[in-house]
Amino acid sequence: MAMQRFVIEGGKKLAGTVRISGAKNSALPIIAASILTDKKVVLENVPDLIDVRTMIELISYLGAKVDFRKNTLTIHAPHIKRIDAPYDIVRRMRASYYVLGALVAREKKAHVSFPGGCAIGPRPIDLHIKGLEMIGTTVDIADGYINARARALRGREVNIQGPKGTSVGATINVMIAATRARGVTKIAPAACEPEVVDVANFLNAMGCSVAGHGTHTIIVHGRSSMSGVLYRIIPDRIEAGTFVVTAAMNRGDVTLEHCRPDHLKSVLDVLKETGATFTIGHDTLRIQGAKAMKPVNIFVAPYPGFPTDMQSQFMAFLSIVPGTSTIKETIFENRFMQAVELMRMGARITIEGDTAVIHGVRRLSGAILMASDLRASAALVLAGLVAKGRTVVRRIYHLDRGYEQFEQKLRSLGAHIKRQSE
Ligand code: EPZ
């Protein structure tokens, strides 16, 4: 497929209603965990994204029968035919590593390509491996592949805290594997992101016994069989957050539907400090941007702290908020790549170690920009929407990995954005 780009004419007022899609980062592990059972699994509210398509391709390769239409995904894996996740698929999407836990649980063996680093810094998976080893898996690494075997998985107490704290991915992978272990597995400290909770709720709906999800201690009682299930994926809090920031930046008036405002508390707290106002419903959220905006200091932290997946978009926003703001990124080492591109639009940003210092300018001006990773790409689009003149964002395939119908949704709010082939 030819490379694509967005062409944006900035300065259009955003107003209206937008429907939030299902969460990418819970859909991916839930699709992988669907191969735990030989019964039929039906997932609703599955976002149609490149990453989701890649995960579907992977479980089909493993032997699952799959049908995906209108955001409903049906998965049936009576037999697992292969136990390997090839390099060609894993290199496209790191989250392929979720089949490791599922295959070890169901087949007692897995052969998964080692994911590399990525644009946002080194992304080790040592904690996933450590956790699986602790419950009885033997792991060796050869020829760029992780070879995992388990004669019998045994529940026990698992501590998979790393230098950066808990890991979302490792918590989920061990939780998935532990559903088939003999005895009780206790993961502590566990990550408590809403996506971890969603996977746990899915596993329980399938007949597993997981408790404590949403806290820092997760308890899994192993079971030998599982049932089929109909399950609905939670709304994507990062997509919702991205639209909320767009509205605040644009001084717009936007209402989100089918969202979970309770998952956005830290993001909304920061936006409130900048002056934006909200009307919070049960699954709706209206945001009205403020005329006069105030600078803020953001500290990224695991949930319920401020999400790393939202800091790029806030950097774009804060670059036009008068005064000096800061963002301290504590989770990934190299996640300020949007800064240099924003500076090409006139933003004044300096990076000192893990902290970005942003001096607000009156306005950004349109430029030709290169997207680097998913959330950084979103940040550049947000900047283009408020900039004077035309902005071109190149390499938007990053964005297509994680935002469903992004430009259509923005256009429905009044944005001038179109997709072109390069
Ligand atoms: C998930 O990544 C998300 N991805 C990321 O979203 C998100 O930024 C991240 O959680 C943090 O919230 C998916 O869910 C698919 P971690 P994950 O393991 O699970 C270190 C997006 O844009 N670590 O919680 O990979 C790691 O390097 C993506 O949608 C180890 O040291 O994140 C990081 O510093 C980007 N060893 C920290 O822990 C390990 O074995 C937290 O990472 C695993 C992680």
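In each ligand, atom 1 is the first atom listed, and ligand 1 is the first ligand listed.
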Novice: Which one of M93, M310, R123 has a non-hydrogen atom at the shortest distance from atom 2 (O) of ligand 1?
Specialist: R123
Novice: Which part of F332 is near ligand 1, with near meaning a heavy atom under 4.0 Å away: side chain, backbone, both or neither?
Specialist: side chain
Novice: Out of G305, G169, A191, whose heavy atom sits nearest atom 19 (O) of ligand 1?
Specialist: G169
Novice: Can you tell me which residue and heavy atom of the protein come closest to atom 11 (C) of ligand 1, and the distance to 0.1 Å?
Specialist: T308 CG2, 3.7 Å
Novice: How would you list all residue pairs meeting salt bridge (charged side-chain N to carboxylate O under 4.0 Å, His left out) that involve residues 230-250, not counting sequence neighbours?
Specialist: E44-R232, E195-R237, E239-K409
Novice: Supply the atom-to-atom distance I287 CD1 to L268 CG, rounded to the nearest 0.5 angstrom.
Specialist: 7.5 Å
Novice: For the 3.5 Å polar cut-off, considering only N or O atoms, please tell me whether Y97 and ligand 1 meet it.
Specialist: yes
Novice: If we set the cut-off at 4.0 Å for heavy atoms, which region of D126 has an atom near ligand 1: side chain, backbone, both, or neither?
Specialist: both
Novice: Which is it for F299 and T330 under the side-chain contact (heavy atoms from CB on, under 4.5 Å) test, yes or no, and what are the steps along the way?
Specialist: CA-CA 8 Å; F299 187 89; T330 58; 3.8 Å; yes
Novice: Counting non-hydrogen protein atoms only, what is the nearest one to atom 18 (O) of ligand 1? Give residue, atom name and distance.
Specialist: S167 OG, 2.5 Å
Novice: How about R182: does its CZ atom have over 12 heavy atoms from other parts shown lying under 6.0 Å from it?
Specialist: no
Novice: Could you check which of E193, M55, K164, H128 puts a non-hydrogen atom nearest to atom 38 (O) of ligand 1?
Specialist: K164
Novice: More than 12 non-hydrogen atoms from neighbouring residues, nucleotides or ligands closer than 6.0 Å to CD1 on I368, yes or no?
Specialist: no
Novice: Can you establish whether the number of heavy atoms outside K12 located under 6.0 Å from its atom NZ is more than 12?
Specialist: yes
Novice: In plain terms, say whether D400 and R419 are close enough for a salt bridge, that is, a side-chain N and a carboxylate O under 4.0 Å apart.
Specialist: yes
Novice: Which residue from E333, R94, E195, R335 reaches closest to atom 35 (C) of ligand 1 through any of its heavy atoms?
Specialist: R335
Novice: Students should be able to answer this: which protein heavy-atom is nearest to atom 33 (C) of ligand 1, and at what distance?
Specialist: I331 O, 3.5 Å
Novice: Find all atoms of ligand 1 within a distance of less than 4.0 Å from any non-hydrogen atom belonging to R375, and give their numbers and elements.
Specialist: 21 (C), 22 (O), 29 (O)
Novice: Using a strict threshold of under 4.0 Å (side-chain N to carboxylate O), is an ion pair present between R92 and D51?
Specialist: no
Novice: Under 4.0 Å, heavy-atom basis, I'd like to know which part of L127 is in contact with ligand 1: side chain, backbone, both or neither.
Specialist: both
Novice: Would you list the pairs meeting salt bridge (charged side-chain N to carboxylate O under 4.0 Å, His left out) in which at least one residue belongs to residues 133-150, sequence neighbours left out?
Specialist: D140-R149
Novice: Look at the rings of H111 and Y145 and say which category their plane angle falls in: under 30° parallel, 30 to 60° tilted, over 60° perpendicular.
Specialist: parallel
Novice: Looking at ligand 1, does any of its N/O atoms fall within less than 3.5 Å of an N/O of L28?
Specialist: no
Novice: If you measure every N or O of V168 against every N or O of ligand 1, does any of those distances drop under 3.5 Å?
Specialist: yes
Novice: Within 4.0 Å of atom 28 (C) of ligand 1 (strictly less), any protein heavy atom?
Specialist: yes
Novice: Between the side chains of D373 and R401, is the shortest nitrogen-to-carboxylate-oxygen separation below 4.0 Å, so that they form an ion pair?
Specialist: no
Novice: In terms of the angle between their ring planes, are Y98 and H128 parallel, tilted or perpendicular, with boundaries placed at 30° and 60°?
Specialist: tilted
Novice: Identify which of N173, D309, N25 has a heavy atom lying nearest to atom 14 (O) of ligand 1.
Specialist: N25
Novice: Counting heavy atoms only, which of P124, G162, G131 is nearest atom 31 (O) of ligand 1?
Specialist: P124
Novice: Numbering the atoms of ligand 1 from 1, which are under 4.0 Å from a heavy atom of K24?
Specialist: 21 (C), 29 (O)
Novice: Can you list the atoms of ligand 1 that are under 4.0 Å from a heavy atom of L374?
Specialist: 22 (O), 29 (O)
